[in-house]
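Only one structure is covered here, and it is reproduced in the block below.
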Amino acid sequence: MRFTSEQRLDNGVLEREFTLGEIPGTLWTPESAAPAPLILMAHNNGLPKGGARLVARARQSAAYGYAVATIDAAGCGDRPRSAVDEQARADLRRAMEAGEPVDEIFESFIGPLVEKAVPEWRTTLDALLALPEIGGPVGYSGWTAVGIRLAVVEPRIAAAGLFAGGYVPRAQREEARQVSIPLLFLLQWDDEGNPRQRALDLFDAFGTKEKTLHANMGGHTGTPWFEVEDGNRFFGRHLK
């Protein structure tokens with residue numbers, strides 16, 4: 001892991017950009033002498049790590065006492081895109097503009113994205129836990145499809161906060177039954193891109209006995225800011 005830049009924020013949080021092989025990422029660490037518990041944070045469907053909403057959430061959680069890390073998935077953010085990636089995005093835009101069904105396009109695009117992203121998250125986790133300023137346990141926040149797979153294959157993940165707004169491939173909907181860690185599941189009741197019943201069915205499918213659903217009125221980007229505070233309290237029960 002190589003740090004390429006850093007800045008100290010007004011609240012004492014240290015924000016650093018890093019690269020790990022081909023993986024670009026950002027790490028936020030609180031101003032604390034003790035090793036901090038870690039939250040892996042990802043945007044839905046591979047949106048860029050520098051997105052304003054993710055950065056705001058990460059900075060707030062770091063100020064709350066967590067180390068927070070995010071990376072760009074392959075073909076997303078600052079990483080090179082293949083011709084296949086570009087064609088999938090073009091097909092998706094065309095179908096959405098035409099009002100056509102998009103599930104199969106999402107399946108062909110998001111499914112492989114998850115398969116590539118999870119090993120990179122695990123590699124990043126190995127490197128992060130080797131840093132002296134980071135301890136355990138580890139939580140996960142954000143992109144539901146990746147969170148499901150990580151919860152199943154990565155025993156170091158102790159709790160997860162998942163956002164219902166992203167497309168979840170069929171493979172991860174099946175894997176949800178194997179998830180056994182505590183979950184906080186956020187749902188926007190009027191999310192224009194995610195059918196409500198599908199999200200409720202996914203919540204019902206999770207195998208864990210400790211799961212909480214927070215549903216708020218509004219569209220895809222309307223999640224209230226207080227959910228960040230509630231999320232930090234959720235992680236406080238399981239990571240501290």
Side-chain angles (χ1 to χ4, degrees), residues 9 11-16 25-44 47 49 51-71 117-118 121-122 124-166 176 179-188 199 202-203 206-216 223-240:
L9 306 180
N11 56 9
V13 169
L14 182 62
E15 181 177 281
R16 288 175 285 177
T26 309
L27 173 64
W28 295 263
T29 47
E31 196 172 33
S32 172
L38 174 64
I39 297 174
L40 306 178
M41 192 171 286
H43 252 328
N44 273 336
L47 291 172
K49 67 181 179 62
R53 287 185 295 151
L54 184 145
V55 170
R57 286 168 43 220
R59 289 175 173 176
Q60 180 69 13
S61 293
Y64 207 85
Y66 302 104
V68 182
T70 188
I71 63 174
V118 168
W121 273 110
R122 300 185 77 184
T124 303
L125 180 56
D126 290 340
L128 291 167
L129 290 179
L131 298 175
E133 62 268 40
I134 297 178
V138 181
Y140 173 89
S141 174
W143 185 4
T144 295
V146 165
I148 291 171
R149 172 61 60 82
L150 277 174
V152 171
V153 303
E154 179 49 74
R156 291 172 291 184
I157 303 293
L162 304 178
F163 286 32
V179 173
S180 59
I181 61 174
L183 293 180
L184 175 62
F185 196 53
L186 300 184
L187 169 63
Q188 284 302 104
L202 179 61
F203 178 76
F206 285 122
T208 180
K209 300 302 182 184
E210 188 173 350
K211 54 185 175 181
T212 301
L213 173 67
H214 283 190
N216 292 283
T223 304
W225 183 251
F226 63 72
E227 290 290 2
V228 177
E229 295 291 339
D230 284 351
N232 287 331
R233 286 190 287 270
F234 164 78
F235 285 121
R237 294 194 295 274
H238 302 290
L239 304 187
K240 291 187 175 180

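- With sequence neighbours excluded, no residue forms a salt bridge (charged side-chain N to carboxylate O under 4.0 Å, His left out) with Arg53.
- Looking at Val138, Ile181, Val118 one by one, the single match for side-chain contact (heavy atoms from CB on, under 4.5 Å) with Leu150 turns out to be Val118.
- Atom CG of Leu162 sits about 5.5 Å away from atom CG of Leu183, to the nearest 0.5 Å.
- Listed here is the closest heavy atom pair of Gly65 and Pro37: O-CD, 3.9 Å.
- The side-chain contact (heavy atoms from CB on, under 4.5 Å) search around Ala215 returns Leu187, Trp189, not counting sequence neighbours.
- Between Asn232 and Gln60, some side-chain heavy-atom pair lies under the 4.5 Å cut-off.
- For Arg149, the salt bridge (charged side-chain N to carboxylate O under 4.0 Å, His left out) partners two or more places apart in sequence, or in a different chain, are Glu115, Glu175.
- Judged by the 6.0 Å distance and 45° axis criteria, Lys211 is positioned over the aromatic ring of Phe203.
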Assess whether side-chain contact (heavy atoms from CB on, under 4.5 Å) is satisfied between Ile148 and Leu202, documenting all intermediate values.
CA-CA 11 Å; Ile148 291 171; Leu202 179 61; 4.2 Å; yes
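- Annotation: the span from Leu14 atom CG to Leu9 atom CG amounts to 8.0 Å, rounded to 0.5 Å.
- Legend: residues meeting side chain to side chain donor-acceptor pair (under 3.5 Å) with Trp121, ordered by chain and number and at least two apart, are absent.
- Looking at residues two or more places apart in sequence or on another chain, you find a side chain to side chain donor-acceptor pair (under 3.5 Å) between Ser141 and Arg57.
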Please report, to 0.1 Å, the donor-acceptor pairs under 3.5 Å made by any side chain of residues 233-240, with sequence neighbours excluded.
from	atom 1	to	atom 2	distance (Å)
Arg233	NH2	Asp230	OD1	2.2
His238	NE2	Glu210	OE2	3.4
Lys240	NZ	Tyr64	O	3.0

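- The salt bridge (charged side-chain N to carboxylate O under 4.0 Å, His left out) search around Glu227 returns none, not counting sequence neighbours.
- Scanning all heavy atoms of the two residues, the minimum distance from Ala63 to Asn11 falls at CB-ND2, 3.4 Å.
- At a threshold of 4.5 Å between non-hydrogen side-chain atoms, the residues Leu213 and Phe206 do not count as touching.
- Nearest heavy atom pair, residue Ser61 against residue Met41, reads OG-CE, 4.1 Å.
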Apply side-chain contact (heavy atoms from CB on, under 4.5 Å) to Val13 and Arg59, showing your working.
CA-CA 7 Å; Val13 169; Arg59 289 175 173 176; 5.6 Å; no
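- Contact between Val68 and Ala62 at its shortest, heavy atoms only, is CG2-N, 3.9 Å.
- Remark: Asp126 pairs with Arg156 by the side-chain contact (heavy atoms from CB on, under 4.5 Å) rule, at least two apart or across chains.
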Please determine whether side-chain contact (heavy atoms from CB on, under 4.5 Å) holds for the pair His214 and Leu184, giving the CA-CA distance in whole Å, both sets of side-chain angles, and the decisive distance to 0.1 Å.
CA-CA 7 Å; His214 283 190; Leu184 175 62; 3.8 Å; yes
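- Annotation for Arg122 and Val153: closest pair NH2-O, 3.1 Å, computed over non-hydrogen atoms.
- Tyr140 and Gly147 get closest at one heavy-atom pair: CE2-CA, 3.3 Å.
- Using a 4.5 Å heavy-atom cutoff, the side chains of Trp28 and Thr26 are in contact.
- Each of Leu54, Thr70, Val146 was evaluated against His43; a single residue qualifies, Leu54, per the side-chain contact (heavy atoms from CB on, under 4.5 Å) test.
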Please test Thr29 against Tyr66 for side-chain contact (heavy atoms from CB on, under 4.5 Å), starting from the C-alpha separation and ending with a verdict.
CA-CA 7 Å; Thr29 47; Tyr66 302 104; over 6 Å; no
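- For Phe163, the ring-ring contact (aromatic ring centres under 6.0 Å, His included) test picks out no residue, with sequence neighbours left out.
- Partners of Thr124 by side chain to side chain donor-acceptor pair (under 3.5 Å), not counting sequence neighbours: none found.
- If you take CG on Leu38 and CD1 on Ile134, they are separated by 5.0 Å, rounding to the nearest 0.5 Å.
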